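The next block holds one structure in the form of structure tokens; read it before the comments.
Fair warning: this is a prediction, and the values are worked out from it, not measured in the lab. Reminder, nothing fancy here: chain letters follow the sequence lines and each chain counts from 1.
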Number of protein chains: 2
Amino acid sequence: MDTLVSEPGLGTKTRSNNRRAAILDAAAYRFRRQGYSATTMREVASDADMLAGSMYYHFSSKDALLLAVHQEGVRRIADNVDHALAASEKADPWTRLEMALTAHLESLLDRGDYAQVVIRDLPADNDELRAELIALRDSYEQRFRQLTNALPLNDPEKARWVRLMIMGAANWSRTWYRPEGATPSEIARHFVTLIKGDT
Amino acid sequence: MDTLVSEPGLGTKTRSNNRRAAILDAAAYRFRRQGYSATTMREVASDADMLAGSMYYHFSSKDALLLAVHQEGVRRIADNVDHALAASEKADPWTRLEMALTAHLESLLDRGDYAQVVIRDLPADNDELRAELIALRDSYEQRFRQLTNALPLNDPEKARWVRLMIMGAANWSRTWYRPEGATPSEIARHFVTLIKGDT
DNA sequence: GTCTATACTCTGATAGAC
DNA sequence: GTCTATCAGAGTATAGAC
């Protein structure tokens, strides 16, 4: 089996990169809504105005395509969170957590497809790919480990439960989120306030 | 397309029901680990020691099989929660919530396959089936609406956020749960305590 | 009720012309 | 880079023997 290594991509606006980006967009769109294995290469190709065979010039396999979507998804969501963290560098730990959570939720709920593919379940049949996707997600979540560890809590073990609870609730929000309802920033505020305790 | 209606099942121990139950078990096992569309009828049949064609005597289609697994899953998880609620009828609202959450987590994390299939994502291509599965899940979650509404909270709107946060964190727990780690009952206690506020 | 055999469609992927 | 054409295999489902 081929290696899955993938590359920078999406930087310069050459014609080649535009086509590659179109395929990625289409794949993210389909993977988000149908899941990975229910999506066919022909559907992705059709959305990107190509024929199925043509995509193999840009991506060596369907697995490689999923990996590329994950990489781009993690990059986007991490960039959003890092930006929020840089902007709130001097704020207190609870505020910083709320800001990061808002950025996380915005990536997931508003900006859409790529981030949600990262959240959805992983394919079970390819161990190499699976390990790579998990590593990607872990590297991102490291940010929230640091944020919860910085909270002023009496029990250090408590930080872990705060993280598991907040991240779980946040990642699950895609199942009940409606654009006409609470905004990502409001959701983040509610979640953090409930944990922090003072209403 | 055929109707998907399905029936009681699994009650009496006739030979027929045993084979049907074996198919359901195998399907739940595969659906949980691989997801619905990545699972093939041949895999399910093989796990149940049959050939693929033979299953169509018991279930008219793959969709019908998924629906049956969901129905059985909701039945099991609801039975567990209802039992916990009956046993804690006189307890205070926070304790009742914690008991119900423990039962929910036990169904999901320990007892296994059926309940987790209910939690996993729904197929996007069959609207009729999709609506039926969502209705099933909603009918179950109604229990937690009542539990959170009964909590002594200053703001009634807050009950909704408590429910979304706790159920989200609980349903997400299958991604990080390890049998050698915290038990369902410990997880439930941590979650409820974090919300309740007094450490 | 289960098996054998198979119909028919769709899948991911490749080869070679342009 | 994209298309046409196609392959080999796997997918759900059915028909009919037993």
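The cationic atom of Lys62(A) (NZ for Lys, CZ for Arg) lies less than 6.0 Å from the six-membered ring centre of Tyr36(A) and within 45° of the ring axis. A cation-pi geometry, defined here as NZ or CZ lying under 6.0 Å from the six-membered ring centre and within 45° of its normal, does not hold between Arg111(B) and Tyr114(B).
Residue-level contact check: Thr39(A) touches the backbone only, with heavy atoms under 4.0 Å from sugar-phosphate atoms and none from bases.
Closest to the side chain of Met50(A), from the set dT4(C), dA13(C), dT2(D), is dT2(D). Checking dA13(C), dC3(D), dT12(D) against every side-chain atom of Met41(B), the shortest atom distance belongs to dT12(D). Candidate nucleotides dC3(C), dT2(D), dT12(D) were compared by shortest atom distance to the side chain of Ser54(A), and dT2(D) ranks first. Ranking dG12(C), dT2(C), dA13(D) by closeness to the Tyr56(A) side chain, first place goes to dG12(C). Minimum atom distance to the side chain of Arg42(B) is reached by dG11(D), of the listed dT2(D), dT6(D), dG11(D). For His58(B), whose side chain is taken as the heavy atoms from C-beta onward, the closest listed nucleotide among dT12(D), dT2(C), dG12(C) is dT2(C).
Taking atom CZ on Phe59(A) and atom P on dT2(D), their separation rounds to 12 Å, with Å as the unit. Leu66(A) has its CG atom 12 Å from the P atom of dA13(C), to the nearest Å. Rounded to an integer number of Å, the gap from NZ of Lys62(A) to P of dA10(D) is 15 Å. As a whole-Å value, the separation of Asp63(B) CG from dG11(D) P is 16 Å. One atom, OH of Tyr57(B), and another, P of dG1(C), lie 4 Å apart when rounded to the nearest Å. We find that CG of Asn17(A) is positioned 13 Å from C1' of dG1(D), with the value rounded to whole Å. Between Asn126(B) atom CG and dT12(D) atom P there is a gap of 15 Å when expressed in whole angstrom units. Atom C1' of nucleotide dT2(D) and atom CD1 of Ile23(A) are separated by 10 Å, given to the nearest angstrom.
Aromatic ring centres of His104(A) and Phe144(A): separated by under 6.0 Å.
Here the straight-line distance linking atom CG of Asp110(B) with atom OH of Tyr177(B) works out to 4.0 Å at 0.5 Å rounding.
Scanning all heavy atoms of the two residues, the minimum distance from Arg137(A) to Val118(A) falls at NH1-O, 3.0 Å.
You won't find any donor-acceptor pair under 3.5 Å spanning the side chain of Arg19(A) and the base of dT2(D), going by distance alone.
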